[in-house]
There are 2 protein chains.
Amino acid sequence: MAAPAMSHNDALTPYCPVFQSAVELIGRRWTGAIVRSMLCGSLRFSDILHNVPGLSDRLLSERLRELEAQGIVSRTVYPETPVRIEYALTEKGTELQEIVLALSGWASRWGREAKPSCETAAACPGDLA
Amino acid sequence: MAAPAMSHNDALTPYCPVFQSAVELIGRRWTGAIVRSMLCGSLRFSDILHNVPGLSDRLLSERLRELEAQGIVSRTVYPETPVRIEYALTEKGTELQEIVLALSGWASRWGREAKPSCETAAACPGDLA
DNA sequence: CGGGATCCGAAAGGATACTG
DNA sequence: CAGTATCCTTTCGGATCCCG
């Protein structure tokens, strides 16, 4: 198991900036949870705020702006009365899904001392992993 | 591809702590790069320090301790002269590989303006993906 | 409802120096 | 080589108030 069955490719990883950017982007405090909560479809500000406990409105708007700047989420304004604003994942954002799910799966399998009572199989569509 | 092939599971993500922990763990400043550099096999402190530009020794030892505490890396001391210390991924850490590679792929595809000259297919043993 | 602006304490990160 | 200790700067995150 510890034996490296991989290739003897010694000349790997001369440091990768894009990977670094990506991992630090989704690693930001609430970003992962926000993206994860958006996997289902469009959401309004309050919805996201509501299903991520501990997240403040300031942080949410900050994260949302970052994600928008990265082209991961799109912001759509419906000029009704009052205005309704919906956030959705772009294609780039949607492709993060497999990563989020993979990470969810890993976290569930190895979470602390094997606590299978979080999302494991019920709460999240991690079944496809 | 943009079409959500997922289930119509609306009642997802009532917030997941283990996912949160995981994403914030590997999202810490250099953790992703460190794990990524260890995918090849055992490395010594200086090796990791060397192939992650910008990483300071203090942060490396800090991250290494965190990863060790999480059971992601193992530390082995060889009492030669002088002592040689090697860090390797545990099974738990090795399973992060698919996630790291997936994130690498995503980052490469969407990195800024599609710059395919980073690691994409050459520098890293991502072939197994 | 959907945010923006500001203030401030906490925490993370970097630089440097020193040790076994 | 493989770290630890200290200091100091930057950033993050929470609270509060305010606006359209």
Side-chain angles (χ1 to χ4, degrees), chain A residues 15 17 19-38 41-70 72-89, chain B residues 15 17 19-38 41-70 72-89:
Chain A
Y15 173 69
F19 170 77
Q20 192 66 22
S21 305
V23 76
E24 285 178 13
L25 174 70
I26 68 138
R28 276 215 158 71
R29 193 92 212 251
W30 302 104
T31 312
I34 294 172
V35 170
R36 202 173 83 94
S37 76
M38 295 180 70
S42 299
L43 286 177
R44 292 192 295 283
F45 191 88
S46 299
D47 295 332
I48 306 175
L49 198 60
H50 180 256
N51 59 31
V52 181
L55 175 60
S56 65
D57 55 354
R58 191 185 76 86
L59 264 295
L60 177 55
S61 83
E62 192 172 307
R63 291 294 110 90
L64 244 24
R65 264 184 276 126
E66 291 170 3
L67 290 171
E68 209 187 333
Q70 299 297 319
I72 292 174
V73 308
S74 64
R75 176 191 149 115
T76 309
V77 180
Y78 296 93
E80 305 170 352
T81 22
V83 282
R84 183 168 50 101
I85 298 172
E86 298 214 330
Y87 295 91
L89 293 175
Chain B
Y15 174 69
F19 170 77
Q20 192 66 21
S21 306
V23 77
E24 285 179 13
L25 175 70
I26 68 139
R28 278 214 161 73
R29 192 89 215 250
W30 301 104
T31 312
I34 293 171
V35 170
R36 201 174 83 94
S37 75
M38 294 180 70
S42 299
L43 286 176
R44 292 190 294 283
F45 191 87
S46 298
D47 295 332
I48 306 176
L49 197 60
H50 180 256
N51 57 33
V52 181
L55 175 60
S56 65
D57 53 356
R58 191 186 77 88
L59 264 295
L60 177 55
S61 83
E62 193 172 308
R63 290 295 107 90
L64 245 23
R65 262 183 278 126
E66 291 170 4
L67 290 170
E68 208 187 335
Q70 298 298 319
I72 292 174
V73 307
S74 63
R75 177 192 148 115
T76 310
V77 180
Y78 297 93
E80 307 170 352
T81 22
V83 282
R84 183 169 50 103
I85 297 172
E86 297 214 332
Y87 294 91
L89 293 175

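Chain identifiers are assigned alphabetically (A, B, ...) following the order of the sequence lines, protein sequences preceding nucleic acid strands; residue numbering begins at 1 within each chain.
One interatomic measurement links the two molecules: CD1 of B:I48 to P of D:dC1, which rounds to 13 Å at whole-angstrom precision. The separation between A:I34 atom CD1 and C:dG3 atom C1' is 14 Å, rounded to whole Å. When the P atom of D:dT4 is taken as reference, atom CD of B:E66 falls 13 Å away, rounded to whole Å. Going from atom CG of A:L64 over to atom P of C:dG3 covers 7 Å, rounded to whole Å. Atom CD1 in A:I85 sits about 5 Å away from atom C1' in C:dG2, given to the nearest Å. Nucleotide C:dG3 holds its P atom 10 Å from the CZ atom of A:R65, rounded to whole Å. Going from atom CG of A:L43 over to atom C1' of C:dG2 covers 14 Å, rounded to whole Å.
B:S61 has a side-chain polar atom (N or O) that falls below the 4.0 Å cut-off from OP1 or OP2 of D:dT4. Between B:S46 and the phosphate of D:dA2, there is a side-chain N or O to OP1/OP2 separation shorter than 4.0 Å. Of the side-chain N and O atoms in A:Y87, one or more sit less than 4.0 angstrom from OP1 or OP2 of C:dG3. Side-chain N/O atoms of A:R75 include one lying less than 4.0 angstrom from OP1 or OP2 on C:dG3.
Taking the side chain as every heavy atom from C-beta outward, B:S56 and B:W30 never approach each other to under 4.5 Å. Looking at heavy atoms from C-beta onward, A:V35 lies out of side-chain contact with A:I26 at the 4.5 angstrom threshold.
Annotation: side chain to side chain contact (heavy atoms under 4.5 Å, CB included) contacts of A:I85 (sequence neighbours excluded): A:R75, A:V77, A:Y87. With sequence neighbours left out, the side chain to side chain contact (heavy atoms under 4.5 Å, CB included) criterion links A:L43 to A:S37, A:M38, A:D47, A:I48.
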**OP:** Quick one, give me the B/S/- string for nucleotides 13-20 of chain D, reading 5' to 3', where B means a protein heavy atom under 4.0 Å from the base and S means that only happens at the primed atoms, P, OP1 or OP2.
**Re:** BBB-----

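Nearest-nucleotide assignment on DNA chain C puts the 5′-proximal partner with A:D47, out of A:D47 and B:G27.
Salt bridge annotation for B:E62-B:R58: present, with a cationic side-chain nitrogen under 4.0 angstrom from a carboxylate oxygen.
Judged by distance alone, the side chains of B:E66 and B:Q70 never bring a donor and an acceptor atom under 3.5 Å apart.
Remark: side-chain polar atoms of A:E86 are not paired, donor with acceptor, to backbone N or O of A:G41 under 3.5 angstrom.
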